[in-house]
Amino acid sequence: MQTMMSPRSVALHSFVRCVSLRSKTVAAISLALAAGAVAAVAPAHQATGFKLTEPTADSITVWTRVTRDAERAPDDGPLPITHLFDRTTGQEIPLSNNATYSNARPVITFPAGVDLGSIRGAAIGGAGQTRVRYRAAGSSAWSTTEWRDADPQRDFTATFSLTRLAAHSRYEVAVEARLRAAAAISSTTAGGFVTAPTASDNAAATFVVMSCQQYEDRDRPDGFAIYPSMLALKPDFMVNTGDAVYYDHGPVHAINVDLARYHWARMYGFPTLRDFHRQVASFFMKDDHDTLTNDSHPGDRTGDLTFADGLRIFREQTAPSEPPYRTLRWGRHLQVWFLEGRDYRSSSEADRTQTPTILGPTQIAWLERTLAASDATFRVIITPTPMVGPDRANKDDNYANKGYVVEGAEIRALLARQSNLTVITGDRHWQYVSHDKTTGIEEWSVGAATDSHAGGWNEETPRPEHRYLRIKFGGFLSGSVTPASASAPAALTLRLHDTAGKIRFESAISTARP
Ligand SMILES: [Fe+2]
């Protein structure tokens with residue numbers, strides 16, 4: 001039966017068709033019009049929320065993304081079907097966790113009526129514009145950025161650099177989205193952040209560090225329990241040390257660019273993650289599974305996804321500052337170093353004829369120089385993979401493994417020359433605090449994000465180098481700086497938490513310099 005439309009409805013309908021909206025949206029609009037409604041449609045959404053990254057004393061980056069749909073697709077939805085064929089022999093290769101398909105031709109198909117935007121957990125990007133409004137908490141005047149187009153070449157993301165902010169201040173922020181210039185705002189998401197205190201400020205600080213979250217191992221229907229647990233501590237900032245997604249696990253491996261982006265959207269569309277990242281500024285570090293595949297190196301590829309694609313997509317999705325090795329000053333007492341463990345790693349081929357490197361000479365020189373120049377009370381080195389260990393004997397990816405023993409000893413000796421320094425590592429799926437037998441360097445492993453993702457270390461009895469060991473369970477780490485007072489020097493306390501936030505181990509990692 002033909003449905004009659006008012007002239008206004010017909011005009012709107014024609015306009016919507018001519019801007020080539022996706023068929024699903026057009027269908028929804030047509031239905032609304034058929035019912036006699038002419039209310040504004042809301043085609044630009046933010047199903048993956050926004051992220052606040054790289055806060056300093058006077059700046060922050062706001063990562064935004066426009067999505068086609070208001071919410072991510074359900075987690076019981078259909079999956080794409082993957083077939084991989086050896087490019088040389090034509091033989092089919094089975095999918096297996098941790099595999100790298102270096103010589104494989106992928107063929108991805110979808111069940112009838114399903115596309116990349118409607119598979120399990122998807123939140124596909126969509127055309128639109130975003131802008132950011134922000135103001136110091138308590139002030140009445142909002143500052144507003146220009147509208148920017150979500151970049152289809154960068155998964156419909158847009159980043160904004162907010163500058164000339166006041167130090168040690170709380171800001172409110174709202175990200176708005178619309179379909180196009182002059183269109184009504186169709187999505188608004190609000191949040192907030194704090195800027196760093198200046199280097200002379202005798203300030204308190206609280207931060208959280210987490211690692212290794214796998215979609216299949218989530219422990220809540222809306223994501224991960226550690227996010228509300230971390231949020232309850234009201235941290236000034238968080239650090240994700242890497243493996244934010246696992247490209248090479250589960251029924252959908254990221255063997256092309258589209259599926260890599262699907263992994264990010266599926267993860268960061270979870271309500272618990274959206275809710276956290278709109279309220280706490282973050283530093284994202286990459287590791288192997290969120291760059292390409294297990295223990296990956298520059299030059300590697302899996303299916304149609306290259307290591308270079310992986311680096312580009314990581315930057316696109318997490319908005320880190322450049323270069324990726326960087327240091328953060330948070331008040332008089334705390335300085336944090338974020339080490340980059342993938343970009344400058346020597347290739348497996350080069351390692352046959354040279355001393356293998358993880359950090360590379362330029363980053364090592366920067367580390368030495370910036371550590372020597374630091375006048376912070378406490379130095380915290382955050383590394384995607386361990387520097388001390390102990391680790392399993394069959395691994396060869398980090399400074400606790402035999403393949404990197406030469407550079408590992410050099411780095412640990414460099415760190416041991418500093419006072420009040422500790423190391424925090426991600427990557428290992430068990431929690432520990434250990435001391436290096438040679439240098440005395442202390443390392444805290446934050447562990448996996450969930451209990452079901454924990455594993456890898458089966459010895460229940462601590463070794464002599466362990467101060468603390470907790471296996472089979474996930475969690476996160478928190479650190480808190482207590483400022484100096486008339487009666488006591490500043491203190492830094494580190495804590496290992498379980499996924500519910502309960503403290504399982506804590507220690508003042510060092511005392512203030514004499
Ligand atoms: Fe991991």
Side-chain angles (χ1 to χ4, degrees), residues 54 56 196 199 207 209 211 237 239-242 283-288 291 297-298 311 314-315 320-346 350-351 354-389 391 397-401 403-428 434-436 438-446 477 479 492 494 509-510 513:
E54 307 288 330
T56 71
F207 61 94
V209 188
S211 184
F237 61 91
V239 183
N240 186 322
T241 72
F283 296 87
F284 283 89
M285 304 166 70
K286 75 172 82 70
D287 200 11
D288 48 353
T291 302
H297 292 66
L311 297 186
F314 186 88
R315 285 197 293 273
S321 62
E322 297 290 336
Y325 52 85
R326 54 220 198 261
T327 181
L328 166 75
R329 189 66 185 259
W330 202 275
R332 187 200 301 175
H333 303 297
L334 181 63
Q335 187 165 350
V336 181
W337 282 258
F338 307 98
L339 300 187
E340 169 51 53
R342 293 287 150 195
D343 297 28
Y344 310 108
R345 193 173 275 250
S346 47
D351 288 351
Q354 67 174 41
T355 304
T357 184
I358 292 177
L359 298 182
T362 305
Q363 182 172 196
I364 292 171
W366 163 84
L367 179 63
E368 191 163 19
R369 190 172 67 245
T370 51
L371 279 169
S374 174
D375 63 354
T377 312
F378 301 109
R379 275 157 275 282
V380 174
I381 306 290
I382 305 188
T383 169
T385 58
M387 298 188 131
V388 173
D391 193 14
D397 187 56
N398 64 62
Y399 287 135
N401 303 143
Y404 296 97
V405 67
V406 174
E407 190 169 281
E410 180 190 326
I411 296 292
R412 288 188 293 271
L414 188 168
L415 299 182
R417 293 201 291 272
Q418 313 297 322
S419 58
N420 295 349
L421 179 146
T422 197
V423 176
I424 297 171
T425 185
D427 184 43
R428 302 296 71 193
S434 65
H435 278 135
D436 177 46
T438 306
T439 63
I441 291 290
E442 185 174 84
E443 178 168 87
W444 292 62
S445 168
V446 309
L477 176 145
L492 170 60
L494 297 186
I509 60 119
S510 51
R513 292 178 199 209

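We're numbering straight along the sequence, starting at 1. Just so you know, these numbers come straight off a predicted model, no measurement behind them.
- A cation-pi arrangement is not found for R332 relative to F378, the charged atom failing to lie both closer than 6.0 Å to the ring centre and inside a 45° cone about the ring normal.
- Aromatic rings from Y325 and F338 are positioned such that their centres are separated by 6.0 Å or more.
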Next item on the list: Test side-chain hydrogen bond (donor to acceptor under 3.5 Å, both in side chains) on E443 and S434 and set out the steps.
Entry: CA-CA 5 Å; E443 178 168 87; S434 65; 4.5 Å; no
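- Using a 3.5 Å distance cut-off with no hydrogens or angles, the side chains of S346 and D351 do pair a donor with an acceptor.
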Margin query: Using side-chain hydrogen bond (donor to acceptor under 3.5 Å, both in side chains), reason through T370 and W337 one step at a time and then give a plain yes or no.
Written below: CA-CA 9 Å; T370 51; W337 282 258; 2.9 Å; yes
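- Residue I424 forms a side chain to side chain contact (heavy atoms under 4.5 Å, CB included) with just one option from V336, V209, V239, T383, and that option is V209.
- Considering OG1 of T327 and CG of L371, their distance stands at 8.0 Å, rounded to 0.5 Å.
- Under the 4.5 Å side-chain criterion, counting only non-hydrogen atoms from C-beta, P324 is in contact with D343.
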Check: Are D436 and T439 close enough, and set up right, to give a side-chain hydrogen bond (donor to acceptor under 3.5 Å, both in side chains), and what steps lead you there?
Finding: CA-CA 6 Å; D436 177 46; T439 63; 2.6 Å; yes
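- Distance check: T377 OG1 to H333 NE2 gives 5.0 Å after rounding to the nearest 0.5 Å.
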Margin query: Does W330 form a ring-ring contact (aromatic ring centres under 6.0 Å, His included) with F237? I'd like the steps, not just the answer.
Written below: CA-CA 10 Å; W330 202 275; F237 61 91; 4.9 Å; yes
Check: Would T422 and W444 count as a side chain to side chain contact (heavy atoms under 4.5 Å, CB included) if you check the C-alpha gap in whole Å, the side-chain angles of each, and the deciding distance to 0.1 Å?
Finding: CA-CA 8 Å; T422 197; W444 292 62; 3.7 Å; yes
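- Residue L494 comes nearest to F207 through the heavy atom pair CD2-CZ, 4.1 Å, listed as atom of the first residue, atom of the second, then distance.
- D288 and R345 are not joined by a salt bridge, as no carboxylate oxygen comes within less than 4.0 angstrom of a charged side-chain nitrogen.
- To the nearest 0.5 Å, the span separating OG on S321 from CD on E54 amounts to 3.5 Å.
- Contact check for R379 versus S419: side-chain heavy atoms found under the 4.5 Å cut-off.
- Of all heavy-atom pairs between G242 and S211, the closest is O-OG, 3.6 Å.
- Nearest heavy-atom pair across L359 and E407 is N-OE2, 3.3 Å.
- Atom CG of L367 sits about 6.0 Å away from atom CD1 of I411, to the nearest 0.5 Å.
- No side-chain heavy atom of L328 sits under 4.5 Å from any side-chain heavy atom of Q335.
- Judged by distance alone, with hydrogens and angles left aside, the side-chain atoms of N401 form no donor-acceptor pair with the main-chain N or O of G403 at under 3.5 Å.
- Side chains of E340 and K286 form a contact here, defined as non-hydrogen atoms less than 4.5 Å apart.
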Item checked: Stepwise side chain to side chain contact (heavy atoms under 4.5 Å, CB included) test for I364 and E410 -> CA-CA 10 Å; I364 292 171; E410 180 190 326; 4.1 Å; yes
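- Of all heavy-atom pairs spanning T241 and D287, the tightest one is O-CB, 4.4 Å.
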Margin query: Under the criterion side chain to side chain contact (heavy atoms under 4.5 Å, CB included), I'd like the reasoning laid out for D391 against R428: C-alpha separation, chi angles, the key distance, then a yes or no.
Written below: CA-CA 8 Å; D391 193 14; R428 302 296 71 193; 3.0 Å; yes
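- Scanning all heavy atoms of the two residues, the minimum distance from M285 to I382 falls at CE-O, 3.2 Å.
- With rounding to the nearest 0.5 Å, the separation of CD1 in I358 from CG in L339 is 10.5 Å.
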Next item on the list: Begin with the C-alpha distance, continue with both residues' side-chain angles, and end with the deciding distance and a verdict on side-chain hydrogen bond (donor to acceptor under 3.5 Å, both in side chains) for W366 and E368.
Entry: CA-CA 5 Å; W366 163 84; E368 191 163 19; over 6 Å; no
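- Between the NE2 atom of H297 and the OG1 atom of T291 there is a distance of 12.0 Å, given to the nearest 0.5 Å.
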Checklist line | Trace of the salt bridge (Lys or Arg N to Asp or Glu O under 4.0 Å) decision for D375 with R329 | finding: CA-CA 10 Å; D375 63 354; R329 189 66 185 259; 2.7 Å; yes
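- Side-chain atoms of F283 and N240, non-hydrogen and from C-beta on, never get closer than 4.5 Å to each other.
- Residues I441 and R412 come closest through the heavy atom pair CG1-O, 3.8 Å.
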